[in-house]
Amino acid sequence: MRTSNLFVCAGALAGVAACGGGSAKPATIPGDGTVYPVPALPGEVTCWHGTGGVEFVTGQEQGQIDMYVRRGYDAGAGTVTEDALSVVKGAASRSWQTLAIDGGALTVAGKYKGGTFSGTGSAEGAAPAWSRWVVDTTLDVGPQVHSEYTAQGAGLEAVSVVADGNGNAMMRFTVQLAAMDLASCDAAYSHVEPL
């Protein structure tokens, strides 16, 4: 994310992004070629794309994650809205979240296919160009996600740990995200049904 709250959990991957133009389906995006409208994000929009690894805490690798994050920053409303798209083992999932900004404190409210999540966090630096931010969320079905994001030039490093409802770590993923042009970002998003 995303930031944002980019996360992996039982049945959901979450993240960020909003873009414009293009309709060629990237090879990593599953689907039948259907083109969907890409929901608008408020304010100034940024997009990132990257890959990383997903593994269980036992050390067993789950595979590679291909992640897109669209982020809209609305300075007037004091919010960051993120639309995250993740692909693991040929399955795409999407999440949508809003981060309300109060100084360095964040309040998160989001949704994914089949449910919702909420939480809190903190950010360092001026929005939306945070140098680092940390978000802790809980899904409505119990799993908890701890995510840490660090700016790296125009890109991001996202590290998330998914825990069960008792706080026992189950899965971890690390993704290196680079800035992506909005037209290419929109093309990827247009092939996955919006929430």
Side-chain angles (χ1 to χ4, degrees), residues 1-54 61-74 79-99 108-118 128 135 137 139-141 143 145 147 149 154-156 158 160 162 171 173-195:
M1 156 260 332
R2 255 109 24 355
T3 270
S4 79
N5 178 36
L6 306 173
F7 64 84
V8 178
C9 70
L13 285 167
V16 192
C19 316
S23 64
K25 183 169 87 61
T28 58
I29 304 293
D32 61 5
T34 301
V35 176
Y36 299 96
V38 178
L41 290 175
E44 174 188 338
V45 176
T46 307
C47 189
W48 296 277
H49 171 251
T51 59
V54 180
E61 288 191 22
Q62 175 68 19
Q64 181 174 307
I65 181 173
D66 190 22
M67 180 174 282
Y68 298 81
V69 176
R70 295 181 330 132
R71 172 189 277 182
Y73 172 58
D74 186 337
T79 60
V80 166
T81 302
E82 297 179 333
D83 181 2
L85 168 61
S86 301
V87 180
V88 176
K89 292 189 172 183
S93 63
R94 216 160 157 179
S95 68
W96 183 277
Q97 67 183 4
T98 299
L99 293 87
V108 183
K111 63 182 179 177
Y112 61 95
K113 189 172 184 173
T116 62
F117 58 93
S118 61
V135 177
T137 56
L139 279 71
D140 56 347
V141 294
V145 182
S147 299
Y149 306 92
L156 303 171
S160 293
V162 180
M171 187 181 301
F173 77 94
T174 302
V175 181
Q176 298 295 325
L177 298 147
M180 181 179 199
D181 70 271
L182 298 182
S184 297
C185 185
D186 233 16
Y189 276 82
S190 70
H191 292 281
V192 178
E193 185 174 5
L195 294 173

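By convention here, the first residue in the shown sequence is residue 1.
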ask   = Is there a donor-acceptor pair under 3.5 Å between the side chain of Tyr189 and the backbone N or O of Tyr68?
value = yes

inquiry  = Could you measure the distance from the OG1 atom of Thr46 to the CG atom of Leu182? Nearest 0.5 Å is fine.
reply    = 7.5 Å

message = Keeping Trp96 on the side-chain end and Thr81 on the backbone end, is there a donor-acceptor pair under 3.5 Å?
response = no

key: Interatomic distance, Gln97 atom CD to Ser118 atom OG [nearest 0.5 angstrom]   = 11.0 Å

note = Smallest heavy-atom separation, Ser147 atom then Ser160 atom, equals OG-OG, 2.6 Å

ask   = Can you find a heavy atom in the side chain of Ser93 that is under 4.5 Å from one in the side chain of Lys113?
value = no

ask   = Going by the angle between their ring planes, with limits at 30° and 60°, are Phe117 and Tyr112 parallel, tilted or perpendicular?
value = parallel

key: Distance (rounded to the nearest 0.5 Å) between Asp186 CG and Met180 CE   = 10.0 Å

query = Counting distance only, does the side-chain N/O of Asp140 pair as donor-acceptor with the main-chain N or O of Thr116 below 3.5 Å?
reply = yes

remark   = One should read off an interatomic distance between Thr79 OG1 and Tyr73 OH, to the nearest 0.5 angstrom, of 8.5 Å

query = Which atoms form the tightest heavy-atom contact between Leu177 and Ala158, and what is the distance?
reply = CD1-CB, 4.4 Å

task = Please report the closest heavy-atom contact between Met67 and Val175, naming both atoms and the distance.
result = CB-CG1, 4.3 Å

request  = Provide the closest heavy-atom pair for Ile65 versus Gly53 in the form atom of the first, atom of the second, distance.
outcome  = CG2-N, 4.2 Å

task = Answer yes or no: is there a side-chain heavy-atom contact under 4.5 Å between Arg71 and Leu41?
result = no

task = Give a yes or no on whether the backbone of Tyr36 and the side-chain of His191 come within a donor-acceptor separation of less than 3.5 Å.
result = no

query = What pair of heavy atoms forms the shortest contact from Ala92 to Leu85, and how long is it?
reply = CB-CD1, 4.2 Å

ask   = Side-chain contact, heavy-atom cut-off 4.5 Å: Gln64 with Val87?
value = no

Set of side chain to side chain contact (heavy atoms under 4.5 Å, CB included) partners for Gln176, sequence neighbours left out = Gln152, Glu157, Thr174

